[in-house]
There are 2 protein chains.
Amino acid sequence: MARAERGVRASVWLVERDTRRGARRPSPLDRERITAATVRLLDAGGLDAFSMRRLAAELKVTAMSVYWYVDTKDDLLELALDAVYGELALPEERDADWRGPLRALATEYRRLLVRHPWLPPLAGRYLNIGPQALVFARHIHTVMRRAGLPDEGVPGAISAVFRFVYGYGTVEGHFLGRVTDSGLTPDAYYRQVMDTVGEHPGTAEAVTGARDILAARGGATVADMLDRDFAFALDLLVAGIEAMAARARQQGSALEP
Amino acid sequence: MARAERGVRASVWLVERDTRRGARRPSPLDRERITAATVRLLDAGGLDAFSMRRLAAELKVTAMSVYWYVDTKDDLLELALDAVYGELALPEERDADWRGPLRALATEYRRLLVRHPWLPPLAGRYLNIGPQALVFARHIHTVMRRAGLPDEGVPGAISAVFRFVYGYGTVEGHFLGRVTDSGLTPDAYYRQVMDTVGEHPGTAEAVTGARDILAARGGATVADMLDRDFAFALDLLVAGIEAMAARARQQGSALEP
DNA sequence: ACCTGAACACCGTTCAAGT
DNA sequence: ACCTGAACACCGTTCAAGT
C-alpha cells in the first residue's frame, strides 16, 4: 500500500491509491470486501470485539493478508465509517421547504447511529471526509442554507441540529445495546435498571423524579418515549431556527432607511 | 471486592462496598488515589493509551494490586468518569431566571468535555449514575423545569440542549487533540487540513464551500469560530425553548372557556 | 488484609520469506 | 502481486501464593 510521505497523516482518504489492481485473478480480497466484512463484524460484536485477527478469520485468510490492502486498523475503521454513511436515504435536493428535508436528514442520521452503535465513537475520532460523508454534509448544508438564517449562523445551526442527533443516537444506541446484552425486552430492562437504582442507597433519590416523569407519560413504552423526546427536540430546534431567522430579518429591516 | 450476585451487572455504583477499610496502615492505594491517577493518565495519554499495567506502574505497584480495589477496568473507568463531573462549577439553584443557569450549565459541560476528551466515549458507554453525575442531572432538571415547558416536553428539551453540547464538545475535543498531536497551532493545523483536503481529487470539491464560509467570517481564529458557533447554537436552543413554551401557553389558554 | 508472580488467551504490527 | 509464519511488545484477567 502506498504510504503518505509527508505531513500529518490525517485520513485514509488523503493518500493516493495505487491503481495496480488488474483483477488478474478472482482474489477473495479487495477493499470493498474487507470493508463489508468489517461492517458485518462491527454490527455483530461491536467495536471492542473487533480485531484484525478476527476479521482475517472471517475472511478465511491469515491475519496479515489484510495489511496488503490497508495500512492500519485505523484506516480500515475509517473505511467502514464512510461505507455506512452510504446507507442514508437522502431526500431530494430540490424540495421547496427546508423543514421536511431537515427532519428527514435528522431522522435518517438517528437511525443510522442506532443501527451501528460503533459509529459514534468512530465519527468522533476521524475526520469524516470520505465520499459518502461528504455527500451527507453537502445535503445538510444545502438544506440549512434555505432556512433564512444569516450566513454566519448556518454552521451554528447545523451544529445545534446534528450534534444533537449525534448525541441522541449515541446514547440510544448504547442503551439498546445493553438491552440486547441483558436478553430482556427494552421495557423490562428499563424497569429493572430503575428498580436496582431505586433500591441502592446512594442513587435512590435520583430515580424518584424519573419515576414521576414515567408515570406522567401514562404507560408508554421505552421506544415511544425515545421517539417522543426526539420528536419534541426536533420541533424545538425547528422553532429555534425559525426564531433566529425572524430575528435576523428584523435586524436587517431595522437597518434600512 | 464484593461482587454483585444476581441480575445484570449494570454499574460500579450498584454494588455494595465492604466497609473493611480500617486505615490500618498508610497504604499508598485506595479508590480515591487510584481514581485520581486514572484521570491523570487519561488526561495525559487518552483512552487508548490507558492500561491497567500502566496505571500500576504510575502507582509504583504491581499490575494486579489495583484489582484489590476494583473489579474490572470498566469499573475503574466508571469511577474516573464520575470523578470529573465533580469539576463542574454548578450555578446557584435559587436563580430566578432559567436562561442564565442553562447557558452556564451548557458552557461548563462543554469545557469539561473538551478538557477530558476521553470523557465522551465513557459517558456514552456507562449509565452515568455516579453521585457527581446525579448532582449534575438534578441541576439540569431543575433549570429546565423553570422554562415554562409542558411537563412532557422537559426530557426532550433537555436532550436538545445537552445532547447537542455532548456532541459539540466531543468533536471539539477530538479536533484539539489532533492539533496537539500535530505540534501546530490550531489555526495552522486547520489550514493544513484544508489545504491537504483541497489538493486531493476526491475531496477537493467539499472544501470550497468551507473556504467561502471561512472567508465570510473575516479572518477569525479557529477558536473564535468554535466559540461563535457554540454561542449561536445556544441562542437558537434558548429561542426554541421559548417558542415551545409559548406554543404550550397558547394551546393551554385556547382550551379554556 | 493486602500485594505479588506466573500464566492464559488475547492484541496490532513488522519483517523476512514464500509462491 | 499477493499471502504466510514467526516474532515483538503489548493487553485484561485468573489463580495460587506470599506476608
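The shown structure was predicted, so the numbers you read here are calculated from the model rather than taken from an experiment. Throughout, protein chains are lettered first and strands after them, A, B, ... in sequence-line order, and every chain is numbered starting at 1.
Using the six-membered ring where Trp is involved, A/Phe175 and A/Tyr190 have ring planes that are perpendicular, over 60° apart on the 30 and 60° scheme. Using cut-offs of 30° and 60° on the angle between ring planes, the pair B/Tyr168 and B/Phe230 is tilted.
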Report the secondary structure of DNA chain C in dot-bracket form, marking unpaired bases with a dot and bases paired to a different strand with |, and treating Watson-Crick or G-U pairs with both distances under 3.5 Å as paired. ||.|||||...|||||.||

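Distance CG (B/Leu77) to P (D/dC11): 14 Å, rounded to an integer number of Å. For A/Asp71 and D/dC2, the CG to P distance is 15 Å, given to the nearest whole Å. Rounded to an integer number of Å, the gap from NZ of A/Lys73 to C1' of C/dT13 is 12 Å. One atom, CD1 of A/Ile34, and another, C1' of D/dC3, lie 12 Å apart when rounded to the nearest Å. Rounded to a whole Å, the NZ atom of B/Lys60 is 13 Å from the P atom of C/dT4. Nucleotide D/dC11 holds its P atom 14 Å from the CG atom of B/Leu47, rounded to whole Å. Straight-line distance from the CG atom of A/Asp30 to the P atom of D/dC3: 10 Å, rounded to whole Å. Remark: P of D/dG12 and CG of B/Asp74 are 11 Å apart, rounded to the nearest angstrom.
Near DNA chain C, defined here as any heavy-atom distance below 4.0 Å, the residues from residues 50-57 of chain A are A/Phe50, A/Ser51, A/Met52, A/Arg53, A/Arg54, listed numerically.
Side-chain nitrogen and oxygen atoms of B/Thr62 include none within less than 4.0 Å of the OP1 or OP2 phosphate oxygen of C/dC3. Between A/Tyr69 and D/dC3 there is a side-chain polar atom (N or O) within less than 4.0 angstrom of OP1 or OP2. Dashed line: the shortest gap from a side-chain N or O of A/Trp68 to OP1 or OP2 of D/dC2 is under 4.0 Å. In this structure, B/Ser65 reaches the C/dT4 phosphate: one of its side-chain N or O atoms is under 4.0 Å from OP1 or OP2.
In this structure, B/Asp227 pairs ionically with B/Arg110, as a charged nitrogen and a carboxylate oxygen lie closer than 4.0 Å.
Checked by atom type, the side-chain pair A/Asp82/A/Trp13 shows no donor-acceptor distance below 3.5 Å.
A/Arg31 places none of its side-chain heavy atoms less than 4.5 Å from the side chain of A/Ile34. Two residues are said to be in side-chain contact when any heavy atoms from C-beta on lie closer than 4.5 Å; B/Leu41 and B/Thr38 fail this criterion.
Checked against a 6.0 Å centroid threshold, the rings of B/Tyr166 and A/Phe164 do not count as neighbours.
A/Glu58 pairs by the salt bridge (charged side-chain N to carboxylate O under 4.0 Å, His left out) definition with A/Arg40, not counting sequence neighbours.
Looking at A/His116, its side chain never comes within 3.5 Å of a backbone N or O of A/Leu112 through a donor-acceptor pair.
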